[in-house]
Amino acid sequence: REPALQARASSSRLGSSSSSGRIRASALCPLSRASRRRLLPSCPRGHPRVLPAPRSPLRPVARFPSSAALPPPNNSPELQFEGHRIMATCMMKASNARFARSAQRSGPSVRRSAVSVRAVAAAEKRGIGAENYVAAVPDSLLRPGIDSDNSIKAKFEKVIRDAQNDICAAIEEIDGTKFRQDAWTRADGGGGITRVLADGNVWEKAGVNVSVVYGSMPPEAYRAAVGNPDALKGKDVAGRVPFFAAGISSVMHPKNPFAPTMHFNYRFFETEEWNGIPGQWWFGGGTDITPSYLDVDDMKHFHGTYKQVCDKHDPEYYNKFKKWADDYFLISHRGERRGLGGIFFDDLNDKDADTILSFSKDCVNNVVEAYCPIVRKHKDDAFTEEQKQWQLLRRGRYVEFNLVYDRGTTFGLKTGGRIESILMSLPKNASWLYDHQPEEGTPEWDLLDACKNPKTWV
């Protein structure tokens, strides 16, 4: 009680003597410096112990036991660490409380400005401009006055913007639910549009993203982008690689286990000259399907649609890109594919850019024709709880591939892209069971066998 009374007397004398609203604990505590250090492990150098100034001279602001009641000194690292942790927690809580009071006084602009400051700091570190969220999306996300309207960049942006509108409209018509949209621009050019449908009537989760990015990437992201770990072997890898990227990506996870998941991604990539490496451009993309139950007619329809698209441009494309998809979507640690494939291509620049652009445009414009009839066919099929659990297990495989092997996910994370858009592809629900093996001859086993041993569908 005696130290508390002395502290109370000290506080009445000091009152508001500190213009900053804070006074040192030593002014309130009658204990010696050594006793206080015994009570609370020391802070890092340069961080004095402080307590809030008292609101009333009658209210005790510090209660320390008498020196006789203090425990013997304990300078163990564990105690010091715990002391620092407690002090850091208190400091963060006090800082958060002050910020909350300031935000309440100043309104939403304070909260938005704080978010913007954090976004700008993160953007400077990652080499991509910070997102500035907008209600109305500009007609083009390219840099005005710099990128020509007749450039491949402008032509490709129009393709993916139109495709996003058409595909979302088709999905909304089937589901009866509208997509939510988030859109943003960046001060140095570029931006994005993310549309997500969640908990719909047909789809548990569906998303269609468009992004246009100007930035720089570390060398490891360049290797991920080209899919070649030896891409920069023997080269000077100091600094960051300037790049432009534009693309559309989508994943759709239906509720019904008999309606398959579908994914597509089409992109254009360009790098500037860097450390003696000439600038490069290429196209990539593909559309693939991931059913939980095998329906041969569905696979013939899906693969047949893309074979017709490929044959229109090059008779060798379908077999080449179908095999590429089977190889790319392999979950190596499982020895099985994520799904039943489709087409996949990357680093495509063996023809002129307009020719490959035309092929990419036909591919993305056939997503609705390849996928939507299958969903309409199965969206109202009856299913059991066991069949739903099998779907969740297959969704778990989907998660494993996307987080461990997918080049788009890896590139987005390495370059500091918008995390909600990057991970939009993950299903809302997934499951893992220990050593689950379907019985041979069951529909579940048929699907797993097709994932392990790719079939020829058309």
Side-chain angles (χ1 to χ4, degrees), residues 160 163-183 192-211 247-266 286-295 298-299 301-302 305-306 329 338-342 364-385 387-403 406 408-409 418 420-431 447:
I160 60 179
Q164 184 184 43
N165 291 335
D166 294 342
I167 293 168
C168 287
I171 298 304
E172 287 177 346
E173 181 184 357
I174 297 173
D175 192 283
T177 306
K178 295 292 185 181
F179 281 85
R180 162 189 168 174
Q181 175 173 295
D182 288 327
I193 308 166
T194 287
R195 293 179 184 169
V196 175
L197 185 157
D199 295 319
N201 298 311
V202 177
W203 279 276
E204 185 177 84
K205 185 179 178 184
V208 186
N209 295 342
V210 160
S211 63
I248 182 171
S249 61
S250 173
V251 177
M252 301 189 182
H253 298 290
K255 291 183 173 181
N256 196 298
F258 294 103
T261 289
M262 184 274 302
H263 157 262
F264 70 85
N265 178 297
Y266 292 93
T287 307
D288 64 281
I289 196 162
T290 305
S292 298
Y293 287 93
L294 174 59
D295 185 312
D298 292 347
M299 295 305 101
H301 170 80
F302 182 85
T305 301
Y306 276 99
F329 292 109
R338 184 177 75 177
L340 299 184
V364 73
N365 286 346
N366 274 274
V367 165
V368 172
E369 172 59 28
Y371 179 58
C372 288
I374 298 175
V375 175
R376 289 183 185 275
K377 174 182 173 181
H378 294 291
K379 66 185 180 68
D380 297 318
D381 288 358
F383 60 87
T384 66
E385 181 61 27
Q387 289 165 337
K388 184 66 178 179
Q389 288 302 314
W390 172 249
Q391 180 195 47
L392 295 179
L393 284 172
R394 296 310 304 173
R395 294 267 171 89
R397 299 295 196 266
Y398 206 96
V399 171
E400 290 179 27
F401 177 86
N402 280 32
L403 294 183
D406 185 70
T409 302
R418 183 175 182 265
E420 291 299 324
S421 298
I422 296 169
L423 299 182
M424 176 274 298
S425 63
L426 299 181
K428 180 181 177 182
N429 297 299
S431 178
L447 185 279

field: Step-by-step side chain to side chain contact (heavy atoms under 4.5 Å, CB included) determination, L447 to L340
entry: CA-CA 9 Å; L447 185 279; L340 299 184; 4.1 Å; yes
- line: d(K377 NZ, H301 NE2) to nearest 0.5 Å is 9.5 Å
- prompt: Going by atom types alone, do Q391 and Q387 pair a side-chain donor with an acceptor below 3.5 Å?
  reply: no
task: Output, in order, the C-alpha distance, side-chain angles, deciding distance and verdict of side chain to side chain contact (heavy atoms under 4.5 Å, CB included) for R395 and N429.
output: CA-CA 7 Å; R395 294 267 171 89; N429 297 299; 5.7 Å; no
- prompt: Is there side-chain contact between H378 and D295, with heavy atoms separated by less than 4.5 Å?
  reply: yes
- request: Output the distance between atom OG1 (T261) and atom NE2 (H253), rounded to the nearest 0.5 Å.
  value: 5.0 Å
- prompt: About how many Å separate CE of M252 and SG of C372, when rounded to the nearest 0.5 Å?
  reply: 7.0 Å
task: May I ask you to test the V375-M262 pair for a side-chain heavy-atom distance under 4.5 Å?
output: no
query: Are any non-hydrogen side-chain atoms of Y293 and P257 less than 4.5 angstrom apart?
result: yes
- request: In sequence, state the C-alpha distance, the side-chain angles, and the governing distance for F258 and F383, and then conclude on ring-ring contact (aromatic ring centres under 6.0 Å, His included).
  value: CA-CA 8 Å; F258 294 103; F383 60 87; 7.3 Å; no
message: Using side-chain heavy atoms (C-beta onward) and a distance below 4.5 Å, is L197 in contact with V208?
response: no
- request: Using the test side-chain hydrogen bond (donor to acceptor under 3.5 Å, both in side chains), find all partners of S425 that sit at least two apart in sequence or belong to another chain.
  value: N402
field: Min side-chain heavy-atom separation P291-M299 under 4.5 Å
entry: yes
Heavy-atom pair of closest approach, residues G396 and A430: N-CB, 3.8 Å
- request: Taking K205 for its side chain and L426 for its backbone only, find out whether a donor-acceptor pair lies under 3.5 Å.
  value: yes
message: Do T305 and Y371 pair up side chain to side chain, a donor and an acceptor below 3.5 Å, judged on atom types alone?
response: no
field: E204/K255 ion pair, N-O < 4.0 Å
entry: no
query: Rounded to the nearest 0.5 Å, what separation is found between the CD1 atom of I171 and the CZ atom of F179?
result: 6.0 Å
Heavy-atom pair with the smallest gap, counting every atom of V364 and F264: CG2-CE1, 3.9 Å
message: Minimum heavy-atom separation for T194 and V196, please, with both atom names.
response: CG2-CG2, 3.7 Å
- prompt: Atom OG in S250, atom CE in M424: separation rounded to 0.5 Å?
  reply: 6.0 Å
- prompt: Taking atom OG of S421 and atom CZ of R195, what is their separation to the nearest 0.5 Å?
  reply: 12.5 Å
- request: Determine, step by step, whether D288 and H263 satisfy the side chain to side chain contact (heavy atoms under 4.5 Å, CB included) criterion, reporting the C-alpha distance in whole Å, the side-chain angles of both residues, the deciding distance to 0.1 Å, and the verdict.
  value: CA-CA 5 Å; D288 64 281; H263 157 262; 2.6 Å; yes
statement: For S211 and I160 the tightest heavy-atom approach is O-CD1, 4.4 Å
statement: On a heavy-atom basis, the closest approach of A370 and P373 is C-CD, 4.4 Å
field: pair D182-E420: side-chain heavy atoms closer than 4.5 Å
entry: no
query: Do D298 and I289 have side-chain heavy atoms sitting under 4.5 Å apart?
result: no
message: Looking only at the side chains, is there a donor atom on one of T290 and Y398 sitting less than 3.5 Å from an acceptor on the other?
response: no
task: Apply side chain to side chain contact (heavy atoms under 4.5 Å, CB included) to W203 and T177, showing your working.
output: CA-CA 9 Å; W203 279 276; T177 306; over 6 Å; no
field: Check: D175 main-chain N/O paired with N201 side-chain donor or acceptor under 3.5 Å
entry: yes
query: Does atom CD of Q181 have more than 12 heavy-atom neighbours, drawn from other residues, nucleotides or ligands, at distances under 6.0 Å?
result: yes
